[in-house]
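Remember, it's a predicted structure, so these values are computed and weren't measured experimentally. Heavy-atom basis, side chains included; hydrogens, waters and symmetry copies ignored. Throughout, protein chains are lettered first and strands after them, A, B, ... in sequence-line order, and every chain is numbered starting at 1.
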There are 2 protein chains.
Amino acid sequence: MTEEASPPPLDSAELGAYFALIEVSSLLRHAVEQQLRDVGDLSYVQFQILATLGDAADGSRRMTELADGVVYSRSGLTYQVGLLEKAGLVARSPSAEDDRGVTVTITEMGREVLARVFPGHIDVLRQLFLEPLARADIDSLARVLTVVRDHMRSIPPRSAKPRQKSAVRRSITGGGA
Amino acid sequence: MTEEASPPPLDSAELGAYFALIEVSSLLRHAVEQQLRDVGDLSYVQFQILATLGDAADGSRRMTELADGVVYSRSGLTYQVGLLEKAGLVARSPSAEDDRGVTVTITEMGREVLARVFPGHIDVLRQLFLEPLARADIDSLARVLTVVRDHMRSIPPRSAKPRQKSAVRRSITGGGA
DNA sequence: ACACCATGCTTCGAATTCGAAGCACTTCGG
DNA sequence: CCGAAGTGCTTCGAATTCGAAGCATGGTGT
C-alpha cells in the first residue's frame, strides 16, 4: 500500500477549472431548484426525470436507464418515481420484453407540468449561467464538457459491481464510522 | 398574470453546455465521494470544509464564511462541523470580535487526514476529469467557469438579505497544499 | 441606558438520500 | 429440464439534508 509517492500537484488552471466547476454547478443547481419548487412543486431530480422522459421518443424509459441518465441511485430513483406516479405525472408499467423491468412513461399531466416549469427554468439559466458568456465561450464550454462527459461515461464501470453471495460474504464493510 | 411571453428557446450549444455541466459535476462528485470515503472516511462536504480551512492563512474560518464557500445550508454546516469536531479534525471556538460568531479551526489531525486523502483525490480528478483534455481546453474551461462563478456570486442567489459586514471573501484557490 | 431589530449559529422536524439486502425473473451450464 | 448465477427493481434502515423556529449577541436610534 501507500505506493502513492506523491502525484504531481495540479496547476492553477487545473485547480481553477475544478473548483469553479463544482461551485458553479452547486450554485446553479440551488437556484434552479428554488425556481422549480416555486413554479411546479418539483425537486431537481423530479424535473430531470420528467425532462428525460419528455425527451424520449415515446416518452418512456426503463428505470435503470433513467438512473444512469440522471446519475442517481436506483433506490433513490424508485422513491422519486413513486412520488411522481402518486402525483400522476408518470406511469409505471411492466416492461414488455423483460418481466422484471419497469417502464416509466410520462403522462399528459407530466408534460403539462414540464411545459409550465420550462420557461422559468430557461430564464434562470440565462440569467445566472449564460448571461456573462460570449457566444464563443458557450460553444467552447459545450464542446469541452461534452468531451469530459463522454470520457467519464466510458471510464467508471457503472454497473460492473460484482454481487457477492451470502455464502462467501465477508465483513469488509469497514466497521462502521 | 405573468409576463412570460415565451422565452426564446436555448440553442444546441447552450443546452449542451448546461446538461454536460450538470452531468459532469454529478459524476465527478460521485467518484470523488467514493474515493474520500475509502481513504479518509470523509464525506464530500467534510472534505470541502477541511480543504477550505487548510487553505486559510491561519487555518480558520467563521461558520457563515464556510457555508458560503461550500454552497451549503447553515444548519447542514453545523451538523457536519459537529461531526468533524467529534472526530477531532476541527475545533470550534467563540469568535474573538463577535461573541455570537463561531470560529472553526483545522487541527493537526485534520491536516493529516487532508494530506492523506489529497493524493488520491488528485488522481481521481486527473483520470476522470483532466485526462481527455488538452492544455488549452483546461485553460479555457477555467477561464469561462470562473467568469460564470463570479457572475453568480454577484447575483443575490440565496436570500435577498445582503449582510454586508466586514466579511471578507477569500478565494478557495489560494495558497493550496 | 433601553427598546428593538439585524445577525450568527444551533436545534428541530420532515423529507430525501444511499447502500445492502430481498424478491422476481431471465439466462447459462450441465 | 433443473439449478446456479446474473439482472432489474423495490424495500429497509441509517445518515444527511434543508428551512423554519429558537436563542443569544451586536448595533442603532432616541
Side-chain angles (χ1 to χ4, degrees), chain A residues 26 29-30 33-34 36-38 41-49 61-68 70-86 92-104 157-174 176-177, chain B residues 26 29-30 33-34 36-38 41-49 61-68 70-86 92-104 158-167:
Chain A
S26 293
R29 196 178 159 132
H30 273 256
E33 210 142 46
Q34 202 167 347
L36 289 173
R37 205 58 87 183
D38 293 346
D41 203 38
L42 288 179
S43 72
Y44 190 70
V45 196
Q46 289 167 352
F47 170 73
Q48 282 187 299
I49 294 172
R61 286 282 170 91
R62 297 268 297 283
M63 290 293 281
T64 295
E65 288 180 284
L66 269 181
D68 287 344
V70 302
V71 188
Y72 219 60
S73 71
R74 307 285 141 98
S75 53
L77 188 70
T78 294
Y79 177 73
Q80 289 294 350
V81 167
L83 292 184
L84 286 174
E85 185 178 37
K86 207 178 308 183
R92 269 195 273 212
S93 57
S95 190
E97 15 173 293
D98 201 327
D99 256 344
R100 45 204 174 154
V102 168
T103 297
V104 186
R158 307 277 300 139
S159 305
K161 217 190 214 178
R163 217 189 283 203
Q164 314 274 351
K165 263 312 188 178
S166 52
V168 225
R169 198 85 194 83
R170 304 191 49 146
S171 54
I172 53 178
T173 47
Chain B
S26 293
R29 193 175 162 136
H30 273 255
E33 208 143 48
Q34 201 168 348
L36 289 173
R37 205 59 89 176
D38 293 345
D41 203 38
L42 289 179
S43 72
Y44 190 70
V45 195
Q46 289 167 351
F47 170 73
Q48 282 187 297
I49 294 170
R61 287 281 168 93
R62 298 265 299 279
M63 290 292 282
T64 294
E65 288 180 285
L66 270 180
D68 286 344
V70 302
V71 188
Y72 219 59
S73 71
R74 306 281 140 94
S75 53
L77 188 71
T78 294
Y79 176 73
Q80 288 295 350
V81 166
L83 292 184
L84 287 174
E85 185 178 37
K86 207 178 310 182
R92 267 195 276 211
S93 57
S95 191
E97 9 174 299
D98 201 327
D99 254 345
R100 55 211 163 147
V102 169
T103 298
V104 186
R158 325 275 281 169
S159 37
K161 231 192 212 180
R163 42 181 199 76
Q164 296 295 4
K165 242 344 197 183
S166 51

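Nucleotide dC9(C) holds its C1' atom 13 Å from the CG atom of D68(B), rounded to whole Å. With rounding to whole Å, E97(A) atom CD is found 12 Å from dT26(C) atom C1'.
Within the 4.5 Å cutoff, side-chain heavy atoms of I49(B) are placed close to those of L77(B). With a 4.5 Å cut-off on side-chain heavy atoms, L84(B) and L42(B) count as touching.
In this view, D38(A) satisfies the side chain to side chain donor-acceptor pair (under 3.5 Å) rule with no residue, not counting sequence neighbours. S75(B) pairs by the side chain to side chain contact (heavy atoms under 4.5 Å, CB included) definition with S73(B), not counting sequence neighbours.
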Report task. Test V71(A) against R29(B) for side-chain contact (heavy atoms from CB on, under 4.5 Å), laying out the working first. Result -> CA-CA 10 Å; V71(A) 188; R29(B) 193 175 162 136; over 6 Å; no
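Note on R100(B): every side-chain N or O is 4.0 Å or more away from OP1 and OP2 of dA6(C).
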Query - Base versus backbone protein contacts along nucleotides 10-20 of chain D [heavy-atom cut-off under 4.0 Å; B, S, -] - result: BB---SSBBB-
